[in-house]
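Proteins get letters first, then strands, A, B, ... in listed order; numbering begins at 1 in each.
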Number of protein chains: 2
Amino acid sequence: MAKVTNTRLAILGAADRLLLERGFNGFSYKDISEPMGIKNAAIHYHFSTKEDLGVALFQRYREILRDRTAEFMSRGGNPVSQLEGYSQFILDSFAQRGEICPMGIMAAEFHTLPARMKKQAQLLVDEMIAWLEQVLELGRKEGAFHFEGPGRSKAIAVKSCLQGAAQLARVAGAEVLEEALAQIRRDLRG
Amino acid sequence: MAKVTNTRLAILGAADRLLLERGFNGFSYKDISEPMGIKNAAIHYHFSTKEDLGVALFQRYREILRDRTAEFMSRGGNPVSQLEGYSQFILDSFAQRGEICPMGIMAAEFHTLPARMKKQAQLLVDEMIAWLEQVLELGRKEGAFHFEGPGRSKAIAVKSCLQGAAQLARVAGAEVLEEALAQIRRDLRG
DNA sequence: GTCTATAACGTGATAGAC
DNA sequence: GTCTATCACGTTATAGAC
């Protein structure tokens with residue numbers, strides 16, 4: 001693992017924005033290097049291949065998810081505020097920079113991604129579903145959420161809905177995402 | 001509008017498969033032409049630019065949607081079988097060829113798409129939501145579906161859920177899509 | 001009317017300069 | 001340790017052959 005430098009972090013930050021805006025096949029090393037005032041080949045020093053860069057990005061998404069949910073997974077936080085926090089994160093990312101969830105982007109381009117990136121994508125999705133399942137099941141036990149069927153199924157449905165709605169919002173307008181979120185809340189109210 | 005030839009149709013069919021498998025930025029004219037035994041430049045005779053090809057593809061998705069829903073939009077069919085028909089279409093497309101909904105692909109790559117393709121994507125999403133809203137509202141009126149809030153919000157939520165779930169299924173396995181669909185049915189049962 | 005040869009450019013990546 | 005000059009290749013697109 002390479003040393004963490006400022007340049008490396010700046011590259012990751014720029015790549016993150018570009019990935020969420022344009023997809024993995026929609027940006028090049030030049031898009032990263034030019035605003036930094038260096039040549040595109042300089043990126044190869046920090047990430048030898050674009051696959052390496054992609055893997056690092058996906059690992060970072062997993063770390064972010066882990067950090068934001070660690071305390072919940074271990075000792076059980078407030079399920080309502082957990083779900084609201086996640087929803088707000090999606091809403092803010094979309095409102096501020098038009099960003100949608102990386103998992104949908106990974107899926108759209110899945111069959112063009114190198115093997116190690118696919119693996120990271122799988123881990124990220126599995127971890128996301130596992131966390132949301134815990135949140136929803138605990139919320140149901142406490143009487144805060146109401147739904148039928150397994151918590152895992154509802155977790156998949158809620159995550160899918162938020163992910164898809166942000167995508168539709170990019171095409172058809174921001175209110176689409178707000179309406180979807182309002183509906184999720186209504187449906188969970190029971 | 002160019003004459004409809006066999007070659008033109010074959011190109012559209014191949015491009016359709018490639019788009020849904022790899023995304024619009026994930027395939028080239030060569031990927032289309034090589035299996036057909038012609039040079040990649042030959043495609044330019046039928047579709048002068050890749051943008052033209054993309055627009056034709058999106059228009060075709062709109063036509064397919066219109067054909068499948070025309071009779072419902074005009075005189076009102078059975079809402080349950082309409083929704084089940086659409087769900088089954090998504091399920092089959094995924095099971096047979098690993099395909100996901102084009103709207104998610106459009107969204108992931110939206111900011112890299114030429115203007116005329118963006119426009120077609122917007123129309124497709126609007127038409128999809130409008131149709132599903134009618135289906136759900138009529139189903140609620142008939143007592144077949146149960147949900148709170150505006151039909152448009154539920155339509156957005158259901159469409160988003162199916163779209164997102166097919167994406168997650170591509171990454172995490174087909175049962176994810178089946179679980180999401182089961183949950184949608186349970187939630188509509190009320 | 002249909003397709004091929006070829007151009008013009010952008011891409012990820014290597015080798016080596018400083 | 002960090003970056004640049006350059007390469008080999010794939011891309012979309014044009015000009016023109018048949």
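Whole-Å rounding puts the Phe24(B) CZ to dT11(D) P distance at 14 Å. For the pair Met36(A) CE and dC3(D) P, the computed distance is 8 Å after rounding to whole Å. As rounded to whole Å, 13 Å separates atom P of dT12(D) from atom CD of Glu34(B). As rounded to whole Å, 5 Å separates atom P of dC3(C) from atom CD1 of Ile38(B). If you measure from atom CZ of Phe27(A) to atom P of dG12(C), you get 8 Å, rounded to the nearest angstrom. Lys30(B) places its NZ atom 11 Å from the P atom of dC9(D), with the value rounded to the nearest Å. Rounded to an integer number of Å, the gap from Asn25(A) CG to dT11(D) P is 11 Å. With rounding to whole Å, Ile43(A) atom CD1 is found 12 Å from dT2(D) atom C1'.
With a 6.0 Å cutoff to the six-membered ring centre and a 45° limit on the axis angle, Lys118(B) counts as a cation-pi contact of Phe110(B).
The Thr49(A) side chain lies nearest to dA13(C) when the options are dA13(C), dT12(D), dC3(D). Taking only side-chain atoms of Thr7(B), from C-beta outward, the nucleotide of dC3(C), dG12(C), dC3(D) with the closest atom is dC3(C). Across dC3(D), dA5(C), dA13(C), the shortest atom-to-atom separation from the side chain of Ala41(B) is found for dA5(C). Checked against dT4(D), dA13(C), dA13(D), the side chain of Lys50(B) finds its nearest nucleotide in dA13(D). For His44(B), counting side-chain heavy atoms from C-beta on, the closest listed nucleotide (dA13(D), dT11(D), dC3(C)) is dA13(D).
Taking 4.0 Å as the cut-off between side-chain N and carboxylate O, Lys154(A) and Glu148(A) do not count as a salt-bridged pair. Electrostatic pairing of Glu84(B) and Arg185(B) counts as a salt bridge here, judged by a charged N lying under 4.0 Å from a carboxylate O. Using a 4.0 Å cut-off between charged nitrogen and carboxylate oxygen, Glu127(A) and Arg66(A) do not count as a salt-bridge pair.
Look at His46(A) and you'll find a side-chain N or O under 4.0 angstrom from OP1 or OP2 of dC3(D). Under 4.0 angstrom from either OP1 or OP2 of dC3(C) there lies no side-chain N or O belonging to Lys39(B). The side chain of Ser28(B) places no N or O atom within less than 4.0 Å of a non-bridging phosphate oxygen (OP1 or OP2) of dG10(D).
At a threshold of 4.0 angstrom between heavy atoms, the contacts of Phe47(B) with the nucleic acid are absent. In this structure, Tyr45(A) reaches the bases: a heavy-atom distance under 4.0 Å links it to at least one base atom across the strands shown.
Residue Asn6(A) qualifies as open at atom CG: its count of foreign heavy atoms under 6.0 Å is 12 or below.
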